[in-house]
Amino acid sequence: MTMVNMYTGAVEYDVEGKGFDPTVGRIKRQGGGKDGNSDLAVRSSLLSAVLCCNTTISKVKDPETGEEKWEPKGNSSEAPIVVAARKIGLDENIAKDYPRVLEVPFSSSRKMMLTVSDVSGKDRLLPGGMELPPGTTLLSVCKGAPNFILDYCTEQLMEDGSSKTMTDKDKQDVLDIVDKYSSRALRVLAIAARTFEAMPFDTTNEDITTDQKFEACRSNLRLLGLVASIDPDRDGVPESVVAARGAGIRVVMITGDYLKTAIAIAHNVNILQPGDDEAFSAIDCARLRPDGNYLSHMDMDILTSSVRVFARAKPEDKLEIVKSLQRQHLVTAMTGDGVNDAPALNQADIGVAMGIQGTEVAKGASDMILTDDNFTSIVAAVEKGRIIYTGIQKFVAFIMSVHIAEVIQIFVCIVFGIPVMRTPLQILFLILVTDLPACIALAMEPGEKTVLKDRPRPKEEPVVLVWMWWSMMLNGVVLSCIVLGIYIWALLIYCEGTITQANIAQLDDSHEKLMDARTVAFISLVWAENVRGYCSRSFDRPFYHNLWGNPAMQRALGLATIALYVAVLVPFFSTKILNLDGIGIGLEGWIMAAVGPAACLVVCEGCKLITVHQKEAYLASLASSRWGDELMRHEQNVAFDRMVSISSQASGSSKSSFAISTELVSLSASQLLPPRSHVEQEFHQPSREVVFKRDKTPTRHTPARNVVDHDGLRASIRKPLKLDTVESETEMSDNGSFVNAQRDP
């Protein structure tokens, strides 16, 4: 984060520089560029802010480049303050001249941090700074959310060092400046202070709580100023949010930031789109608990079904939002890094903790740990998970179709009295040496580039779908018929026109003649299975699509082909052990064998036309099912809206008291229901998805196991996880986190 603007003494300033280098840039007044480094209000505000920080900056050597660079150690939101203070000439150890006697750390409920420092013996805060009243020994400084701190401010520091009483209009003027900064996606902190001659509470009383001390020290504050910093988006995050939306993942941001800041950030990272109505898509979390208590489940679900940005969130809000999404049958993934995130991480279907900035409590409550704290890794994991899952489906479909064919071939031979096509040893050789490599290669299939465009599958959906079973059966029958046809043809050629076991047994050299026929069928089957391996790379695309896209398949089929030639051509091994003779069948036998794979390629590719139709029918049924579910929810919302309207008219209540309900109902009609006639389009619409947030809460502790980063997709996993249902965040903002929710049709 980098400070870019400052407001103090009723004057606005620009802060030059970038990053954490305090030697670059100065502080200048807006509207003229006059140097502001020596302005009383600037120096007073920044020193006070530093006294309320625990962050330091120092030079470190980059282990990769060997170059020295400035890096902060501590809270990322405090680093810009420390850097700006160094830019105006404040010493890095200046805080030691003001011993800290009390600290109340930041919390998500208080939205501010408070410190009390010893300033005894000083008539000014610092040279060139504001005057301190006679007898002052202590300085209380509050740093935090402007809208919270302004509630406790009674006066404001002016440019000349004087102070004036703050009226409601003055506070509104300050909030207008906060809105202006926030609309540019700047993080705004307010700095306020108060002087004391002695602690405003009994320091000898050990029963005084931290909250009581905090309340005593925060009253009648003087507003010193505002500091506004920018937190640049991580590279790739906006594109990943768009990709997640296309994958059926709805990304929602839950943050402790000011509403306008949250909206601006959400626009920058594509969580909010240009056509979204901000009044409906982004809300202050106070609307979740208008009278201090949370809305009813029905009202809460209406709200969370469409809102994508929740601002000024408290720790408990995150848990309630996750529960609401789950009540809507959404698969929810939640990201977090702090102690207060733990309950929501534990409640979510998939808890995702930050590996770098995450606390041990958050990691213990999560199911997966991001080793690079990057949202793009989540989307990459979803894509990889879907590819792995489809690879498993292709693996199963291929091996099952081959084994179905084996069973059918042996069954037909036995039923019709034909010599069994293969010996047990030949069958074992086929399974281990020729079938297995192709299966493994299918599991390593790189996947389609459009895999993130596919609709998320239902949780209860089996690995092998009905239409896949039909495809396996159909291809197994096709392979059986073709190979049986080749075998019978070979029997007619090599066994003097007879095909039954009894007749062949009466022939001279029946063993050699039967071995030749079996050899032709064996070669044809291996070649046909190689062809099936290529056809099985996709259920609905032609075999030549991205023909050389899976090098593992080329290696597997090459290995299978070499194994075939060893099995039928190596003397003794082929004739004495496997009972195969590739030399004895002559050229005629090899040509006969080649007919099998050619026929298999043509017919199996033709069968894909049936598979495509069945797959489209299944996907359309899923889309139709979800559309019906959304329609039912919409009708319930409309009925509720009418009930609210009638109640409002009957009681004479104001329109605003029902703003939450009526706004959400109208939104669900426009955003949740796609055109009924476009089932296919609806199928690709985003389902339910993510939530971005920030805050913390303790829960169970569990040791981590396993791990994945962005490239290797390393991630700690504690319980069974279906990656294609995962969807959620990285640290896009200070102590932020994500929740993903995905529709379960």
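Not counting sequence neighbours, the partners of Glu605 by the salt bridge (charged side-chain N to carboxylate O under 4.0 Å, His left out) test are Lys608. Residues passing the side chain to side chain donor-acceptor pair (under 3.5 Å) test with His403: none are found, sequence neighbours excluded. Considering only residues two or more places apart in sequence or on other chains, Asp435 meets the side chain to side chain donor-acceptor pair (under 3.5 Å) condition with none of them. In terms of the side chain to side chain donor-acceptor pair (under 3.5 Å) criterion, residue partners of Asp540 (sequence neighbours excluded) are, by chain and number, Ser538, Lys615. For Arg327, the salt bridge (charged side-chain N to carboxylate O under 4.0 Å, His left out) test picks out Asp301, with sequence neighbours left out. Checked against salt bridge (charged side-chain N to carboxylate O under 4.0 Å, His left out), Lys394 has no partners two or more places apart in sequence or in another chain. For Ser401, the side chain to side chain donor-acceptor pair (under 3.5 Å) test picks out Arg532, with sequence neighbours left out.
Summarising the geometry, atom CD belonging to Glu616 is positioned 11.0 Å from atom CD belonging to Gln614; distances are rounded to the nearest 0.5 Å. Distance check: Ile410 CD1 to Ile418 CD1 gives 13.0 Å after rounding to the nearest 0.5 Å. Expressed to the nearest 0.5 Å, how far CD of Glu529 lies from OG of Ser524 amounts to 10.0 Å. Atom OG of Ser574 and atom CD1 of Ile583 lie 7.0 Å apart (nearest 0.5 Å). One finds the CG atom of Leu345 at 9.0 Å from the CG atom of Asp337 (value rounded to the nearest 0.5 Å). Atom CG of Asn550 is separated from atom OH of Tyr534 by 8.0 Å, given to the nearest 0.5 angstrom.
Here the side chain of Asn270 pairs a donor or acceptor atom with the backbone of Pro238 at under 3.5 angstrom. Side-chain atoms of Arg457 never come within 3.5 Å of backbone atoms of Val463 as a donor-acceptor pair (strictly under, hydrogens ignored). A side-chain donor-acceptor contact under 3.5 Å links Ser621 to the backbone of Tyr618.
Nearest heavy-atom pair across Arg386 and Val451 is NH1-O, 3.2 Å. Summarising the geometry of Tyr494 relative to Val520, their closest heavy-atom pair is CE1-CG2, 3.7 Å, with the distance given to 0.1 Å. In terms of heavy atoms, Asp372 sits closest to Arg234 at O-NH1, 3.3 Å. The shortest non-hydrogen separation linking Ala556 to Pro437 is CB-O, 3.3 Å. Heavy atoms only, all atoms of each residue included: Val379 and Ser240 are closest at CG2-O, 3.6 Å. Between Leu330 and Asp349, the shortest heavy-atom distance links the atoms O-OD2, 3.6 Å.
Between Gln328 and Thr304, the side chains place a donor N or O and an acceptor N or O closer than 3.5 Å (distance only, hydrogens not considered).
Of the candidates Val251, Val242, Val237, Val237 is the only one forming a side-chain contact (heavy atoms from CB on, under 4.5 Å) with Val269. Pro597 pairs with exactly one of Asn530, Leu525, Val531 by the side-chain contact (heavy atoms from CB on, under 4.5 Å) rule, that one being Val531.
In this structure, Thr390 and Asp454 have side chains that are not in contact, with every pair of non-hydrogen atoms separated by 4.5 Å or more. Ile493 is not listed as a side-chain neighbour of Asp516, based on a closest heavy-atom distance of 4.5 Å or more. Within the 4.5 Å cutoff, the side chain of Val331 has no heavy atoms near those of the Pro456 side chain. With a 4.5 Å cut-off on side-chain heavy atoms, Leu442 and Arg537 count as touching.
Under the 4.0 Å criterion applied to side-chain N and carboxylate O atoms, Lys453 and Glu448 are not assigned as salt-bridge partners.
Within a 6.0 Å radius of CZ in Phe411, other residues, nucleotides and ligands contribute 12 heavy atoms or fewer.
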Next item on the list: For Cys600 and Leu479, run side chain to side chain contact (heavy atoms under 4.5 Å, CB included): C-alpha distance rounded to whole Å, both residues' side-chain angles, the deciding distance at 0.1 Å, then the answer.
Entry: CA-CA 6 Å; Cys600 185; Leu479 183 60; 4.1 Å; yes
Next item on the list: Begin from the C-alpha positions of Ile387 and Glu445 and carry the test side chain to side chain contact (heavy atoms under 4.5 Å, CB included) through to its verdict.
Entry: CA-CA 8 Å; Ile387 291 172; Glu445 191 69 25; 5.9 Å; no
Validation: residues 480-492 side-chain donor-acceptor distances under 3.5 Å, sequence neighbours left out:
residue	atom	partner	partner atom	Å
Ser480	OG	Ala405	O	3.1
Ser480	OG	Gly476	O	2.8
Tyr487	OH	Pro419	O	2.9

Throw together a table of side-chain donor-acceptor distances under 3.5 angstrom for residues 465-475, partners on residues two or more places apart or in other chains.
residue	atom	partner	partner atom	Å
Ser471	OG	Asn475	ND2	3.3
Asn475	ND2	Ser471	O	2.7

Enumerate, atom names and distances included, each donor-acceptor pair closer than 3.5 Å involving a side-chain atom of residues 425-432, sequence neighbours excluded.
residue	atom	partner	partner atom	Å
Gln426	OE1	Thr423	N	3.2
Gln426	NE2	Leu578	O	2.6
Gln426	NE2	Asn579	O	3.4

Distance-only check: which donor-acceptor pairs under 3.5 Å involve side-chain atoms of residues 557-571, not counting sequence neighbours?
residue	atom	partner	partner atom	Å
Thr561	OG1	Leu557	O	2.8

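For the ring-ring contact (aromatic ring centres under 6.0 Å, His included) condition, the pairs that include at least one residue of residues 590-612, sequence neighbours left out, are Trp527-Trp590.
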